[in-house]
Amino acid sequence: MKYLLISIVFLCSSLFAFTQNDSISNALKIELQSYKIKRGLVIETVEIPLVTKKALAIDIKADHWDTSVHNPYVDTVQQFPLELNFTDSTYASPVPHVKVVTSRYGWRRGRPHNGIDIDLVTGDSVVTILDGIVRFAKYTNGFGNAVVVRHFNGLESTYAHLSHIGVKANDTLVKGQYIGKGGNTGNSRGSHLHLELSYKGEQIHPEYLFDFSSKNAIRSEQVWVTQKWTHARFHNSRRVSKVKVIKSADEAALESLARRPKMYIVKKGDTLYGISRRNNMSISRLCKTNAIKQSSPLKIGQKLVLEI
């Protein structure tokens, strides 16, 4: 017992010394004492290497940081699948009450609805869902008063139709921090919060990343996003999409291989308007996907890509 107490004293002394000099040492050295009756005092030194994890310094302002436009990535093309990593398991509810989703991500009235609408009363506080930095905070067509927060994994969240903006560009925020008051500004049919999530300009189905129940859960620490979850035409704004999160690169690769472009062969009497309407696409999207102009004549037998 005596020898054990002596060893503990030496261990505590060593730990104290380490805490005083941890900035210059990368190993913990501990001297252990043991007494043997015939051989006298034997001192052994044990060295334990220390592994220190350093926080990665991520400069989220380094890529397309523009405080004057809502989407600074408009002229860029992203490679799929997209990889997103989260350090949190939960997000902060953007509104202070039970989240009631009145319109979901998907095709709506012949146009893409690239976010979700959450019911609120004008004047309700709106907060940021994750830590980040305000990239955009001003009035913009369609969105009205809007705030865009870029988070530390590159994801951006947009809060639209606000009645009041309570932050400015380049403000650093923590999860759950106030950014403004809900309202009905811009192209809006009643008070609500329009919430969009995007990564480098690609709008992502919010319910693919987050569970909008009372759990406020982030669906996975690592998420791979395929084009299915960045195109509103694959979803209906009136229905809940069936979510199966892709959590590995291998799963994402298999998902990408499983999908093939959907084609349409032009028939006699077809028009761009008719084709786009029957396939839940806007004419501009149909033209952009096929690199044609709205004035381009269609030819019988011509193949048009409807889904990538």
Side-chain angles (χ1 to χ4, degrees), residues 70-71 73-74 76-86 88-95 99-119 128-130 132 142-143 146 148-151 153-161 192-249 251-256 258-259 262 279-282 285 289 306-308:
H70 173 255
N71 180 15
Y73 295 97
V74 66
T76 64
V77 177
Q78 305 304 326
Q79 295 295 319
F80 285 86
L82 307 174
E83 180 186 3
L84 279 172
N85 294 283
F86 295 91
D88 291 324
S89 60
T90 60
Y91 66 93
S93 173
V95 295
K99 297 181 291 299
V100 177
V101 178
T102 57
S103 185
R104 301 182 182 277
Y105 177 99
W107 202 256
R108 185 178 73 175
R109 296 192 293 270
R111 299 178 60 186
H113 184 233
N114 290 318
I116 62 171
D117 293 343
I118 301 175
D119 191 31
T128 178
I129 56 176
L130 296 169
F143 288 114
V148 178
V149 179
R150 183 175 293 182
H151 307 292
N153 61 355
L155 186 73
E156 289 193 338
S157 55
T158 297
Y159 311 81
H161 308 313
H192 69 278
L193 172 68
H194 176 78
L195 175 67
E196 283 191 12
L197 300 178
S198 62
Y199 181 76
K200 295 187 176 181
E202 296 288 345
Q203 283 100 355
I204 301 174
H205 195 318
E207 292 175 275
Y208 180 66
L209 301 180
F210 298 148
D211 177 355
F212 282 88
S213 70
S214 59
K215 297 178 181 179
N216 294 341
I218 297 174
R219 294 196 184 274
S220 178
E221 181 180 329
Q222 184 180 56
V223 180
W224 291 83
V225 183
T226 59
Q227 288 182 313
K228 173 183 178 181
W229 299 102
T230 63
H231 290 298
R233 66 180 180 275
F234 290 115
H235 309 275
N236 189 314
S237 65
R238 295 183 179 181
R239 294 196 297 267
V240 178
S241 297
K242 185 177 181 180
V243 175
K244 181 181 179 181
V245 178
I246 301 172
K247 301 180 181 180
S248 72
E251 287 183 66
L254 290 173
E255 178 74 10
S256 297
R259 298 200 63 83
K262 182 178 178 181
N279 292 280
N280 289 336
M281 295 181 71
S282 65
R285 183 68 187 178
T289 302
L306 300 179
E307 294 178 1
I308 301 174

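The chain is numbered in sequence order, starting from 1. Side-chain atoms are counted along with the backbone in the values below, which use heavy atoms only and exclude waters and symmetry mates.
Contact detail for Asn153 and Tyr199: the closest heavy-atom pair is O-CE1, 3.6 Å. The nearest pair of heavy atoms linking Pro112 to Ala232 is CB-CB, 3.6 Å. Counting all heavy atoms, side chain and backbone alike, Glu207 lies closest to Arg219 at O-NE, 2.6 Å. Listed here is the closest heavy atom pair of Gln78 and Tyr73: NE2-CD2, 4.3 Å. The nearest pair of heavy atoms linking Phe143 to Ala160 is CD2-CB, 3.3 Å. Closest non-hydrogen pair, Gly201 versus Asn71, comes out as CA-OD1, 3.6 Å.
Tyr159 has its side chain within reach of Thr128: a pair of non-hydrogen atoms, C-beta onward, lies under 4.5 Å apart. Annotation: side chain of Glu156 is in contact with side chain of Arg150 (closest heavy-atom distance under 4.5 Å). Inter-residue side-chain proximity for Arg108 and Asp117 is flagged as met; some heavy-atom pair is nearer than 4.5 Å. Two residues are said to be in side-chain contact when any heavy atoms from C-beta on lie closer than 4.5 Å; Glu255 and Pro81 fail this criterion. Phe212 has its side chain within reach of Leu195: a pair of non-hydrogen atoms, C-beta onward, lies under 4.5 Å apart.
In this structure, NZ on Lys244 lies 9.5 Å from NZ on Lys228, to the nearest 0.5 angstrom. The CD1 atom of Ile118 lies 11.5 Å from the OG atom of Ser103; values are rounded to the nearest 0.5 Å. Interatomic distance, Ile204 CD1 to Ser198 OG, rounded to the nearest 0.5 Å: 7.0 Å.
In this structure, Tyr208 and Trp229 have parallel ring planes: the angle between them is below the 30° cut-off, well short of the 60° mark. Classification of the Tyr91-Phe210 ring pair by plane angle, with boundaries at 30° and 60°, yields parallel.
Neither side chain, His192 nor Thr102, offers a donor N or O lying under 3.5 Å from an acceptor on the other. Using modelled atom types, one finds no donor on one side chain facing an acceptor on the other under 3.5 Å when comparing His113 with Ser237.
Results of the side chain to side chain contact (heavy atoms under 4.5 Å, CB included) test with Asn114 over His194, Glu202, Gln203, His231 single out Gln203 as the only residue that passes. For the pairing with Leu82, the side chain to side chain contact (heavy atoms under 4.5 Å, CB included) check across Val225, Leu155, Thr226 returns one residue only, Val225. Considering Leu209, Asp211, Leu130 as possible partners of Ile218, the one that fulfils the side chain to side chain contact (heavy atoms under 4.5 Å, CB included) test is Leu130.
In this structure, Lys99 contributes its side chain and Ser214 its backbone to no donor-acceptor pair below 3.5 Å. The backbone N or O of Val223 sits nowhere less than 3.5 Å from a side-chain atom of Ser220 that would complete a donor-acceptor pair. Between the Arg104 side chain and the His205 main chain, no donor and acceptor come within less than 3.5 Å of each other. For the pair Asn236 (side chain) and Arg238 (backbone), a donor-acceptor distance under 3.5 Å is present.
When the shell of 6.0 Å around CD of Glu221 is examined, it contains 12 or fewer heavy atoms from other residues, nucleotides or ligands.
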